[in-house]
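Every chain is numbered from 1 and lettered A, B, ... according to where its sequence line falls, protein lines coming before strand lines.
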Amino acid sequence: MKPSIPQGTRDFSPSEVRKRQYILQTIRTIFERYGYQPLETPSMENLTTLMGKYGEEGDRLIFKILNNGLHEKKDADKKNLNEEWQKLLEKPYSTPVVTERALRYDLTIPFARYVVMHQHELAFPFRRYQMQPVWRADRPQKGRYREFWQCDCDVVGSTSLINEAELLCIYQSAFHHLAVPQVTVKINSRKLLAGMAAIAGHESQMMDITIAIDKLDKIGWEGVTKELHNRGIDAEGITKIQNIISLSGTNDGILEQLAQLMQEHQCTIGLQGVEELKQTLQYYETLKSSDWSGTIAVDASLARGLNYYTGIIVEVTTAAVKMGSIGGGGRYDDLTGLFGLKGLSGVGISFGVDRIYDVIEELGLFPEALESGCKAMVVNFGGENETYALQVVQQLRNAGIATELYPDAVKFDKQMKYAHKRNIPFVLLLGDEERAQQLISIKDFRTGTQQKLPLAEVIQHLSNE
RNA sequence: GAGGCAUUAGCUCAGUUGGUUAGAGCGUCGGAUUGUGGUUCCGAAGGUCGUGGGUUCGACCCCCAUAUGCCUCCCCA
């Protein structure tokens with residue numbers, strides 16, 4: 001049979017896994033440094049945990065898992081099975097007889113579920129980070145898969161804006177360590193968006209307005225105007241919205257203008273949004289490190305799709321590569337309320353690992369050392385030389401040097417080609433001559449140079465590389 | 001969920017207005033070269049032309065269905 005993998009999934013080859021691990025490890029270190037703790041949740045959740053949390057579109061995209069043990073069902077259930085199967089083909093495809101579990105759709109809802117279930121053993125504020133794959137029954141496109149990794153970092157149980165400011169620091173620090181250039185973290189507040197909707201005279205349509213202006217980058221102001229009109233916003237309202245989101249200047253300047261506008265309209269929630277942004281940026285100024293090159297930019301047009309956000313929202317982009325956002329997040333006031341735990345505010349951010357990978361790859365910024373995990377290969381000359389080589393290779397490993405011995409005493413040429421293809425930087429030769437002299441010939445593949453050294457010096461040489 | 005394009009060797013792609021044995025480059029393998037890789041030269045292997053139907057004397061080519069990839073919309077990461 002012809003081998004294949006399911007639609008929208010990918011194999012990750014050794015070098016790709018190395019590169020992704022490098023990204024995850026870099027981010028993990030930063031998370032830990034800010035006191036966040038690792039959490040993992042099951043690949044599958046009960047369907048009832050997930051349904052209704054991601055909107056109508058989301059429900060459709062949840063990967064349902066067929067119940068196992070169907071043969072153990074009662075006869076009454078079996079009779080219904082055909083009917084249930086028919087229903088399965090209809091929206092929203094969920095019938096308990098056929099499916100009662102589903103694959104994880106994101107990391108946020110399982111996190112909320114976890115917090116509610118473990119509320120009595122957790123110390124609040126609870127900070128956790130989570131890096132796991134998620135699944136969506138979406139139609140695959142470029143940069144869109146049915147299985148992909150998410151990398152989230154959230155804190156619940158604190159309303160302090162210090163959390164927001166620290167998360168901004170985590171972004172800046174992580175991208176600094178990954179050497180991603182020209183990073184901008186756009187920041188806005190849902191409260192400001194709510195204020196804007198009120199000023200436009202369409203307070204109840206904040207979501208419609210949000211969805212429309214979220215597309216500004218993509219379809220331009222003309223497209224947004226059309227979209228707003230289609231969503232029932234009148235011309236006067238549209239003008240007012242445009243006035244607000246087209247504000248530009250320094251962060252302080254924009255916030256000052258916004259404060260004035262909100263003041264004129266006596267918009268309490270909008271003013272609150274401005275105050276929160278000011279406070280967050282003030283904390284950030286105190287926390288920030290001088291070697292971070294990224295910037296923070298107040299952007300009144302930033303909207304973000306997810307509808308559970310209620311406060312500050314952020315989104316990360318890099319101007320170095322033409323690419324959508326590489327991270328985003330925000331505050332949600334009542335996420336755990338869905339599971340019966342009210343009044344627990346949280347704020348979190350997410351790293352778009354796949355896109356970050358693409359950015360770093362495109363800019364050629366992955367460290368060279370990731371290319372091969374193995375530092376040296378010992379050529380196999382067979383016979384007594386092989387025995388000697390086995391001893392040497394193990395001593396190198398014990399000294400912490402990743403080494404492999406070519407397992408077969410095949411033609412020299414073939415062994416060299418293998419080492420070259422594997423990107424192994426050093427080749428060690430232990431033949432009759434070297435064995436007699438108790439020396440090792442070490443060849444640097446990158447320069448083509450070769451020298452004969454005692455084992456101790458070889459170990460030192462390789463350790464210093 | 002809607003519309004469009006594509007699928008030929010391991011990879012990137014030619015190809016025939018439907019007509020006997022389907023081609024190239026790269027890669028792979030073997031040899032020149034059994035202690036020196038990237039270069040060079042010689043040779044070889046490798047394809048039921050995505051899958052299943054249909055039209056036809058005859059289909060890689062035309063029609064239908066289906067799978068997968070990509071693009072636009074929707075939505076989003």
Side-chain angles (χ1 to χ4, degrees), chain A residues 1-10 54-62 89-93 104-108 131-152 207 210-212 214-215 217-219 223 227 230 303-307 315-317 323-329 349-359 377-383 385 389 406 408-435 440-452:
Chain A
M1 70 172 276
K2 204 170 188 173
S4 63
I5 56 173
Q7 181 184 40
T9 64
R10 296 161 289 171
Y54 308 105
E56 199 180 319
E57 179 78 6
D59 283 351
R60 203 165 54 76
L61 299 180
I62 292 172
L89 301 174
E90 299 161 9
K91 296 172 212 170
Y93 324 136
R104 183 168 56 217
Y105 182 87
D106 71 355
L107 302 179
T108 308
M131 303 169 164
Q132 290 187 280
V134 301
W135 294 269
R136 298 194 184 169
D138 202 358
R139 184 164 177 171
Q141 283 177 36
K142 187 167 201 157
R144 265 172 96 167
Y145 303 95
R146 304 184 93 175
E147 178 186 67
F148 60 98
W149 281 68
Q150 282 194 337
C151 175
D152 280 17
M207 278 314 298
T210 303
I211 291 168
D214 196 29
K215 297 174 189 168
D217 280 346
K218 218 179 198 176
I219 59 179
E227 176 111 14
N230 290 342
R304 304 238 354 122
L306 292 171
N307 53 20
E315 194 165 283
V316 190
T317 55
M323 178 92 63
S325 69
I326 53 177
I349 57 171
S350 161
F351 284 81
V353 177
D354 285 306
R355 283 186 180 174
I356 292 169
Y357 181 105
D358 290 344
V359 167
M377 188 196 88
V378 178
V379 174
N380 190 335
F381 287 109
N385 291 323
Y406 198 92
D408 307 290
V410 296
K411 273 204 305 186
F412 189 78
D413 173 69
K414 189 173 171 133
Q415 298 193 39
M416 294 296 273
K417 279 181 175 163
Y418 169 82
H420 179 250
K421 190 167 181 180
R422 280 284 316 277
N423 258 321
I424 297 172
F426 292 96
V427 170
L428 305 184
L429 309 175
L430 292 84
D432 294 331
E433 197 183 314
E434 285 88 351
R435 189 157 52 90
I440 296 168
S441 289
I442 172 168
K443 173 161 182 157
D444 188 331
F445 248 25
R446 296 162 303 183
T447 59
T449 56
Q450 185 168 332
Q451 50 187 324
K452 259 188 204 174

- Message: Could you go through A:Q132 and A:R104, starting from their C-alpha distance and side-chain angles, then the distance that decides it, and tell me whether this counts as side chain to side chain contact (heavy atoms under 4.5 Å, CB included)?
- Response: CA-CA 9 Å; A:Q132 290 187 280; A:R104 183 168 56 217; 3.3 Å; yes
Spacing between [X] atom [atom1] and [N] atom [atom2], to the nearest angstrom:
{"X": "A:R435", "N": "B:rG35", "atom1": "CZ", "atom2": "P", "result": "15 Å"}
{"X": "A:R144", "N": "B:rC70", "atom1": "CZ", "atom2": "C1'", "result": "13 Å"}
{"X": "A:Y418", "N": "B:rG37", "atom1": "OH", "atom2": "C1'", "result": "14 Å"}
{"X": "A:D59", "N": "B:rC76", "atom1": "CG", "atom2": "C1'", "result": "15 Å"}
{"X": "A:F351", "N": "B:rC76", "atom1": "CZ", "atom2": "P", "result": "22 Å"}
{"X": "A:D354", "N": "B:rC76", "atom1": "CG", "atom2": "P", "result": "18 Å"}

If the [atom1] atom of [N] is compared with that of [M], how far apart are they to the nearest Å?
{"N": "B:rC62", "M": "B:rC73", "atom1": "C1'", "result": "31 Å"}
{"N": "B:rU51", "M": "B:rA59", "atom1": "C1'", "result": "16 Å"}
{"N": "B:rG50", "M": "B:rC61", "atom1": "P", "result": "8 Å"}
{"N": "B:rG52", "M": "B:rU48", "atom1": "P", "result": "11 Å"}
{"N": "B:rA14", "M": "B:rA6", "atom1": "C1'", "result": "16 Å"}
{"N": "B:rU16", "M": "B:rG23", "atom1": "C1'", "result": "11 Å"}
{"N": "B:rA45", "M": "B:rG35", "atom1": "P", "result": "29 Å"}
{"N": "B:rA65", "M": "B:rC70", "atom1": "P", "result": "23 Å"}

Taking the minimum atom-to-atom distance to the side chain of [X], which one of [options] wins?
{"X": "A:Q150", "options": "B:rC75, B:rG35, B:rA77", "answer": "B:rA77"}
{"X": "A:R139", "options": "B:rG4, B:rC73, B:rG69", "answer": "B:rG4"}
{"X": "A:K411", "options": "B:rG38, B:rU34, B:rC75", "answer": "B:rU34"}
{"X": "A:Q141", "options": "B:rC75, B:rC73, B:rG35", "answer": "B:rC73"}
{"X": "A:D138", "options": "B:rU36, B:rC75, B:rU72", "answer": "B:rC75"}
{"X": "A:R136", "options": "B:rA77, B:rG35, B:rG38", "answer": "B:rA77"}
{"X": "A:F412", "options": "B:rG37, B:rU36, B:rC74", "answer": "B:rU36"}
{"X": "A:P140", "options": "B:rC74, B:rU36, B:rG69", "answer": "B:rG69"}
{"X": "A:F381", "options": "B:rU36, B:rG35, B:rC74", "answer": "B:rG35"}

- Task: Identify, with sequence neighbours excluded, every residue that meets side-chain contact (heavy atoms from CB on, under 4.5 Å) alongside A:D408.
- Result: A:Y406, A:V410
- Message: With hydrogens left out and only the distance checked, is there a donor-acceptor pair under 3.5 Å joining A:K443's side chain and the base of B:rU36?
- Response: yes
- Item | Polar side-chain contact A:Q415-B:rG35 base: donor and acceptor under 3.5 Å | no
What does [X] touch in the nucleic acid at a heavy-atom separation under 4.0 angstrom: a base, only the sugar-phosphate, or nothing?
{"X": "A:E147", "result": "nothing"}
{"X": "A:G448", "result": "base"}
{"X": "A:G431", "result": "base"}
{"X": "A:D432", "result": "base"}
{"X": "A:G58", "result": "nothing"}
{"X": "A:G382", "result": "nothing"}

- Task: Identify, with sequence neighbours excluded, every residue that meets salt bridge (charged side-chain N to carboxylate O under 4.0 Å, His left out) alongside A:E434.
- Result: none
- Item | Which residues share a salt bridge (charged side-chain N to carboxylate O under 4.0 Å, His left out) with A:D413, sequence neighbours left out | A:K417
- Presence of salt bridge, A:R355 and A:D358, under 4.0 angstrom: no
- Query: Is the backbone N or O of A:R304 less than 3.5 Å from a side-chain atom of A:E315, with the two atoms forming a donor-acceptor pair by type?
  - Reply: no
Could you list the protein-to-nucleotides 47-49 of chain B atom pairs, N/O on both sides, closer than 3.5 Å?
none

- Please figure out whether A:Y105 or A:G8 has its closest RNA chain B nucleotide nearer the 5' end. A:G8
- Item | Secondary structure string for RNA chain B (Watson-Crick or G-U under 3.5 angstrom, | for other-strand pairs) | (((((((..((((.....[...)))).(((((.......))))).....(((((..]....))))))))))))....
- Sequence neighbours excluded, which residues qualify as side-chain hydrogen bond (donor to acceptor under 3.5 Å, both in side chains) partners of A:W135? A:E147
- Task: Tell me whether the OP1 or OP2 atom of B:rG37 has a side-chain N or O from A:K414 closer than 4.0 Å.
- Result: no
- Query: Can you tell me if the side-chain N/O atoms of A:Q7 get under 4.0 Å from OP1 or OP2 in B:rG69?
  - Reply: yes
